[in-house]
Amino acid sequence: MDKMDCKPGKWRKSMSQRRTSNSRREGSCSIAGSRRITMHSGDQPTSQALHDLLHQTAADESLLPSRHGQSDSHDVSVQEFIAPLSWKTFADHQYLCPNRSKDEILARCGQREPIMFDSALENLRMTVERKIGEGVYGEVFLCKKANGERSVLKLIPIEGSLTINGEKQKTFEEILSEVIISSQLSNLRQRNVQFCTDAFVELRSVSCIVGRYPPRLVELWDEYNSKHGSENDSPIDFPNEQLYIVFETAFGGSDLDGFRFRNALQAFSVFAQVVLALAVAEKRYDFEHRDLHTGNVLIESTGEKERTYYLLGEEIVIQTHGLKATIIDYTLSRIVYNGLCLFNDLSTDEELFTAEGDYQFEIYRNMKTALKNQWDVFAPKTNVYWLHYLLAKLTSARNYRDKSSKGHRTTMQTIRELSDVLLQFNSVQEIARHYFAPESNADNKEN
């Protein structure tokens, strides 16, 4: 297949539009792959193995947070999650998939059935102020609560027959793993001396709703389209029976793409925050983000002088220099949750690996090579590739307002030197251990 030019951070839209015009009628696969759930072990478990896992889970359930009595909890017991799994075969590979993904999602939403669109917005007790972004799978709106707190709503249409933005709508099965990953990474902010970070976007609620887009949201969509130009189809076309999954998250600021730092000290602090967050999730969940371009790192001002991380029981404190970084969007991410591997199978997605025009697209090809096109495999090198990509973006002079200070010049040199050696590491945990080891262990660091 010929290589194609795409905009950084916009590969899904570029390829979606191309395929809509020429190949979608021929049955080409989704550019975002398909979500799969499989056992963490490489071997297919026997019925006895599943029985043993369920038995062990039942014994450990007292250690898990209860869904009842904790309105802000998005967790679910392993017993409830694994019980409805069955084997399905795709391209000669077998995967575990929930039989009742809809029931699982509704349980995580605290619902028995989808609720009406207008009622859902009333229940959230917030005012939708404006549309702030979009993706090929949904729309993003900024909201404000009565106390002035801001939230973000990400609305994803699911299960419908209407083609949206050149793509088939996601199913309950495909969206379930994104719900789980979002929840688990958000829960890392809970104080734990082994693994703790608040650098993944806070998931406040998940809802399953049904109905047409309210006129107010259509109006805000039109305003965004007039000011910025939307690449998405208007939501006014959704039917009355359309289903959606709504993620409510904390507001994380503006994305790194085009952000202007005061100096390189701020940029390096943001980079260090991302490094440590990835190191925590990588070690805790065998996590790989797999799509950490500049649009998926948010930055906002903060009055906090320091940010604290816990990695394998070690407390790591770094200076913020007035900025706080937040990681978002787990569409392509891979995680191991309670013995199950949740990942996006891109093994047959040729279009993703043919894009040209930015270093971002070389990273996708590097990932494919590192994984040998086996997307359930844990290869933390993929996280290192994305960090190298971020460093390349941070060396751009257009990102800085004050380039004359000694601190800026010295730190910029550090960024370039780090970029030269970063790809020698095989995981982000190795990077964290090498550069962020406690002072007591400094003498033990590799040279």
Practice problem: Starting from the C-alpha separation in whole Å, work towards a yes-or-no answer on salt bridge (Lys or Arg N to Asp or Glu O under 4.0 Å) for Lys170 and Glu178. | Solution: CA-CA 11 Å; Lys170 289 190 175 185; Glu178 189 169 347; 3.1 Å; yes
Quiz prompt | Audit row: Ser183, Ile180, side chain to side chain contact (heavy atoms under 4.5 Å, CB included) steps and yes/no | solution = CA-CA 5 Å; Ser183 174; Ile180 294 173; 5.7 Å; no
Quiz item: Please walk me through it: do Ile327 and Leu278 pass side chain to side chain contact (heavy atoms under 4.5 Å, CB included)?
Solution: CA-CA 9 Å; Ile327 298 172; Leu278 288 178; 4.2 Å; yes
Practice problem: Tell me, with the steps shown, if Val297 and Thr326 meet side chain to side chain contact (heavy atoms under 4.5 Å, CB included). | Solution: CA-CA 6 Å; Val297 177; Thr326 299; over 6 Å; no
Quiz item: For Arg334 and Asn344, what are the C-alpha separation, side-chain angles and deciding distance, and is it a side chain to side chain contact (heavy atoms under 4.5 Å, CB included)?
Solution: CA-CA 7 Å; Arg334 184 258 193 206; Asn344 197 314; over 6 Å; no
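Summarising the local packing, CD1 of Ile236 is surrounded by 12 or fewer heavy atoms from other residues, nucleotides or ligands at distances under 6.0 Å. The local environment of CZ in Arg216 is crowded, with over 12 non-hydrogen atoms from other residues, nucleotides or ligands closer than 6.0 Å.
For Ser347 and Asp345, the side-chain atoms include at least one donor-acceptor pair closer than 3.5 Å. For the residue pair Gln242 and Glu159, no side-chain donor N or O sits within less than 3.5 Å of a side-chain acceptor on the partner. Between Asn232 and Glu139, the side chains place a donor N or O and an acceptor N or O closer than 3.5 Å (distance only, hydrogens not considered). A donor-acceptor contact closer than 3.5 angstrom links the side chains of Thr382 and Glu288.
Proximity of a side-chain donor or acceptor of Arg108 to a complementary backbone N or O of Ile105 within less than 3.5 Å is not detected. Counting only distance, with no hydrogens or angles, the side chain of Glu300 and the backbone of Lys324 share no donor-acceptor pair below 3.5 Å. Here the side chain of His388 pairs a donor or acceptor atom with the backbone of Ser419 at under 3.5 angstrom. Between the side chain of Asn165 and the backbone N or O of Val136, at least one donor-acceptor pair lies under 3.5 Å. A donor-acceptor distance shorter than 3.5 angstrom exists from the side chain of Ser269 to the backbone of Gln319, with no hydrogens or angles considered. Panel note: side chain Arg290, backbone Trp375; a donor-acceptor pair is recorded below 3.5 Å. Although no hydrogens or angles enter the test, the distance criterion places a donor-acceptor pair under 3.5 Å between the side chain of Asn383 and the main chain of Phe287. In this structure, the side chain of Thr197 does not engage the main chain of Ala277 through any donor-acceptor pair within 3.5 Å. Remark: the backbone N or O of Leu162 is paired with a side-chain donor or acceptor of Gln169 at under 3.5 angstrom. Checking side-chain atoms of Asp402 against main-chain N and O of Ser404 turns up a donor-acceptor pair under 3.5 Å.
Aromatic pair Phe261/His321: centroids not less than 6.0 angstrom apart. Taking the centre of each ring, Tyr364 and Trp386 come in below the 6.0 Å mark. With ring centers used as reference points, Phe195 lies 6.0 Å or more from Tyr310. Here the two rings, on Phe117 and Phe238, have centers that are 6.0 Å apart or farther. The aromatic ring centres of Tyr389 and His293 sit 6.0 Å or more apart. For Tyr213 and Tyr244, the ring centers sit closer than 6.0 Å to each other.
For Thr411 against Ala264, the heavy-atom pair with the smallest separation is CG2-O, 3.4 Å. The shortest heavy-atom contact between Phe436 and Ala272 is CZ-CB, 3.8 Å. In this structure, Arg365 and Phe353 approach most closely via the heavy-atom pair NH1-O, 3.1 Å. Across all their heavy atoms, Leu185 and Ala281 have their closest contact at CD2-CB, 3.9 Å. Residues Ala267 and Leu394 share a closest heavy-atom pair of O-CD1, 3.8 Å. The nearest pair of heavy atoms linking Thr294 to Lys393 is CG2-CG, 3.7 Å.
Side-chain contact between Glu282 and Val280 is absent, with no heavy-atom pair separated by less than 4.5 Å. Inter-residue side-chain proximity for Glu149 and Phe251 is flagged as unmet; no heavy-atom pair is nearer than 4.5 Å. Between Glu315 and Val317, some side-chain heavy-atom pair lies under the 4.5 Å cut-off. In this structure, the side chains of Pro235 and Leu217 stay at 4.5 Å or more apart for every pair of heavy atoms. The shortest distance between side-chain heavy atoms of Trp221 and Ser230 falls below 4.5 Å. Tyr435 has its side chain within reach of Phe425: a pair of non-hydrogen atoms, C-beta onward, lies under 4.5 Å apart. With contacts defined as side-chain heavy-atom distances shorter than 4.5 Å, the pair Leu243/Ile209 does not qualify. Side chains of Phe343 and Ser333 form no contact here, defined as non-hydrogen atoms less than 4.5 Å apart.
Between Leu387 and the choices Val274, Leu418, Leu423, the side chain to side chain contact (heavy atoms under 4.5 Å, CB included) rule is met once, by Val274. Applying salt bridge (Lys or Arg N to Asp or Glu O under 4.0 Å) to Glu248 and the options Arg150, Arg125, Lys145, Lys154 leaves one that passes, Lys145.
Residues satisfying the salt bridge (Lys or Arg N to Asp or Glu O under 4.0 Å) criterion with Asp222, sequence neighbours excluded, are absent altogether. Every salt bridge (Lys or Arg N to Asp or Glu O under 4.0 Å) that Glu129 has, sequence neighbours left out, goes to Lys144.
Between Arg307 and Asp198, at least one side-chain N (NZ, or NE/NH1/NH2) sits under 4.0 Å from a carboxylate O, which counts as a salt bridge. Salt-bridge check for Glu202 with Arg204: passed, with a basic side-chain N closer than 4.0 Å to an acidic carboxylate O. Of the charged side-chain nitrogens involved, none lies within less than 4.0 Å of a carboxylate oxygen, so that Glu223 and Lys227 do not count as a salt-bridged pair.
Atom NZ of Lys305 and atom OG1 of Thr320 lie 7.5 Å apart (nearest 0.5 Å). We find the OG-CG distance between Ser151 and Leu124 to be 8.5 Å, quoted to the nearest 0.5 Å. The CZ atom of Arg130 lies 10.5 Å from the SG atom of Cys143; values are rounded to the nearest 0.5 Å. Distance check: Thr395 OG1 to Met412 CE gives 7.0 Å after rounding to the nearest 0.5 Å. The structure places NZ of Lys283 at 10.5 Å from CD of Gln194, a figure rounded to the nearest 0.5 Å. Here the straight-line distance linking atom CG of Leu265 with atom OG of Ser405 works out to 6.5 Å at 0.5 Å rounding.
Using a 30° and 60° split on the angle between ring planes, Tyr224 and His228 fall in the tilted class, from 30° to 60°.
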